[in-house]
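Structure record follows, encoded as structure tokens.
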2 protein chains.
Amino acid sequence: MPDYDGAVTEATNSGAVTLPAKRGRGERSSPTIYDIAKLAGVNPSTVSRALSKPGRVSAKTQKIIEDAAEQLNYRVNPFARALPTGRTQTIGLIVADITNPTFFDIIRGAETTGSARDYTLVLAESAESPETELIAARRMLSTVDGLILASPRMDDEEIRALAADKPVVVINREIEGVPCVVPDVNKGISQAVRSLAANGHQELAYVAGPPQSWMSRRRWEGVQAACDWYKLGAVRLESSKPTVDGGRQVARDVLASGATAVITYNDLLAIGLMQELQAAGMHVPDQISIVGFDDIFGADFTTPALTTVRSPLGECGSRAAALLLDMLLGHDGPAGAVRVDTELVVRGSSGRLIA
Amino acid sequence: MPDYDGAVTEATNSGAVTLPAKRGRGERSSPTIYDIAKLAGVNPSTVSRALSKPGRVSAKTQKIIEDAAEQLNYRVNPFARALPTGRTQTIGLIVADITNPTFFDIIRGAETTGSARDYTLVLAESAESPETELIAARRMLSTVDGLILASPRMDDEEIRALAADKPVVVINREIEGVPCVVPDVNKGISQAVRSLAANGHQELAYVAGPPQSWMSRRRWEGVQAACDWYKLGAVRLESSKPTVDGGRQVARDVLASGATAVITYNDLLAIGLMQELQAAGMHVPDQISIVGFDDIFGADFTTPALTTVRSPLGECGSRAAALLLDMLLGHDGPAGAVRVDTELVVRGSSGRLIA
DNA sequence: GTCAAACTGTCAACCGGTTGCCAACTATTG
DNA sequence: CAATAGTTGGCAACCGGTTGACAGTTTGAC
């Protein structure tokens, strides 16, 4: 029910009616612990304790105060609480690109887990820029209880500095001394390369992501290791940006490389690459196999549907938020990185080479 | 820019910068206006005025204070500011479903426009539930300066009640007395139906979205009107949920309806429907044409690519945020709804009926 | 019955800005 | 040069909770 605060407390204002916007627009203001205290016949500090320090006041008083609070439809003023305590019931999330579906699930996972524990999610975007990211992180850090960095682009040192200030959890990157949630790509990559090798491929290209991306490097290392093991040649190609468009642009280099199988840093690149190759008359997977990363929304819309190494991103977001909330309760972060499993999802874009 | 949001540009770390004073238990705390006041040799209130009320203090004092603030690397404490003023430099956005790509452009548009004016975006999800939405809206409203509701599911009355409290802008719905940003679907629908009629279709089905969705009703009305005009039969089918899955489930009803052309409430439904119809051996568009709504990310990944009525959702998010920020500056909201244009994007999923 | 420990509620001092009001100072004008 | 209007800076009272210190009450042990 909308609280239309009934009685105007006449004790407050002595003089003339302050009609011009006292707060915001309307004159309405929500009940405070002082109102409750008056109604319950106790001291405001007792109200404060009853409402936030269970056990500190007697059960009887507690009940009286809770009833009064209910009657007035009281809600704490988050700012008043935040001012002396610093607690804001808020967690921040910074992603590199809001429109990148990779982050959809991370955002949802974090939001869901957060709001289940009465935390609100604050979102910011870094636009893939380390500088923007740092500025956003700094600005946020003063207003949230903790911060989740999804695929951060800034330096380890800067992240550690932030983490020294308030709890920080990192997704998709490992940083010594900072709690991390990281998909363990080895399993998925190993499956992917084995599958490609089994299908007769001998030369593989990896299309890399942003140079600042730890995960892109990690995936390249994984690809190299797996290719060594399965005796495939591996070449690394750069992309201009980790998007569908970037994938289209890298198609030339892919063709020039002579590789018959491509693993891309993410699904967007894979999709763009596939579109461009098909437009150039190539047949996927008969002439070239394409494997993406992440299994984003839409990866199965393409024809052929995209084979991809799935990272459980929703789980990453959710685990990161849970970790953060735990840390806010005073627990220590995990010693090492939290690893979540990846797996190859085989669809139509990879298969036997038909030479 | 009237507000001092902190010296972000402290590139020149020249010489002795007084470190922030330690708080009682060795916790670091950031500098306050009192620190600045001491350093500048003025009263704290003068500092406050210098930093937030341009023109209220003399240029000379202003300069001294700004230098001192810079030297201390001062940032306002948002909570301390919010407590007396209610201003938080924050706007809220509530969407029905965080993972629905429809909202991603809206989110990005709002975030981008907001952060360009130094506002932070706070995000919440209603999970398509009017109750959850209302709770989230209430909780948010006390902590943000204004609220954007994207495709709200709650009653008009409840929204008006919220709008009476703080500035509210609605996207994808028209509510008398509340500023709205709404894609004007008529043009796009008209183009779509005309195109279908020209391709020989005579019976059309509309797959509706959530019953609480104003936009779904609006689109149905538009479809009916256009079908009247172009002399097509129109039948309305219900979906269980506005997702890919919901689209798959409604395939049976679509087939049973005998319609040869389908317009769905959104692209997700269209994609799911197309998948299921194709799985059942139907050929799109030779046997049945499918037209979606919104032109979301991935709509062009399908085979055939999806014909859809594009709504400029990023623009909606951005316009809504701009509107809201204007209102926060004291301007009135627009008299009527702000309409943005829609247009048909013809791709492969619609075409001539081959009977 | 005495004395101390445990429990409860109150007081008052914050947290860090904002702002109405007033006094002092400056500039303008007659 | 005095009177007046316009500036500018300071004082102090908030905003709404939180919390350490403390005193009054109970409770419990001996």
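We name chains A, B, ... by the order of the sequence lines, and we start the count at 1 in each one.
The distance from atom CG of A:Leu51 to atom P of D:dT19 is 13 Å, rounded to the nearest whole Å. We find that NZ of A:Lys53 is positioned 15 Å from P of C:dT8, with the value rounded to whole Å. Taking atom CD1 on B:Ile36 and atom P on C:dG16, their separation rounds to 12 Å, with Å as the unit. In this structure, the CZ atom of B:Arg81 is 17 Å from the C1' atom of D:dC14, given to the nearest Å. Straight-line distance from the NZ atom of B:Lys38 to the P atom of C:dG17: 13 Å, rounded to whole Å. When the P atom of C:dG17 is taken as reference, atom CG of B:Asn77 falls 6 Å away, rounded to whole Å. Distance CG (A:Asn43) to C1' (D:dG24): 14 Å, rounded to an integer number of Å. To the nearest angstrom, P of C:dC14 lies 14 Å from CG of A:Leu83.
Residue A:Thr32 is in sugar-phosphate contact alone, with no base atom involved, counting any heavy-atom pair closer than 4.0 Å across all strands shown. Heavy atoms of B:Tyr34 sit under 4.0 angstrom from at least one base atom. Among the protein residues, A:Ser58 comes within range of the sugar-phosphate backbone only, with heavy atoms under 4.0 Å from sugar or phosphate atoms but none that close to a base.
Regarding contacts with the backbone of D:dG16, every side-chain N or O of A:Ser48 stays at 4.0 angstrom or more from both OP1 and OP2.
Taking every side-chain heavy atom of A:Val42 into account, C:dT10 is the closest of C:dT10, C:dT8, D:dG9. The side chain of A:Ser45 sits closest to C:dT10 out of D:dG17, C:dG16, C:dT10.
In terms of heavy-atom proximity, A:Ile171 sits nearest to A:Gly317 at CD1-CA, 3.9 Å.
In this model, a side-chain donor or acceptor of A:Arg56 finds a partner on the base of C:dG9 within 3.5 Å. Contact annotation: side chain of A:Thr85 to base of C:dC15, donor-acceptor pair absent below 3.5 Å. Judged by distance alone, with hydrogens and angles left aside, B:Arg49 brings a side-chain donor or acceptor within reach of the base of C:dG20, the pair sitting under 3.5 Å.
Note on residues 39-50 of chain B: no pairs pass salt bridge (Lys or Arg N to Asp or Glu O under 4.0 Å), not counting sequence neighbours. Counting only residues at least two apart or on different chains, the side chain to side chain donor-acceptor pair (under 3.5 Å) pairs with a member in residues 120-130 of chain B are A:Arg108-B:Glu125, B:Glu128-B:Arg153, B:Ser129-B:Glu131, B:Ser129-B:Thr132.
Less than 4.0 Å separates DNA chain C from at least one heavy atom of each of the following residues of residues 60-71 of chain A: A:Thr61.
Summary of helix geometry: the two end axes of the helix from C:dG1-D:dC30 to C:dG30-D:dC1, each defined by five base pairs via their C1' atoms, are inclined to each other by 30° (rounded to 10°).
For A:Arg56, the salt bridge (Lys or Arg N to Asp or Glu O under 4.0 Å) test picks out no residue, with sequence neighbours left out. Evaluation of the side-chain contact (heavy atoms from CB on, under 4.5 Å) rule for A:Thr143 yields B:Pro78, B:Phe79 as partners, not counting sequence neighbours.
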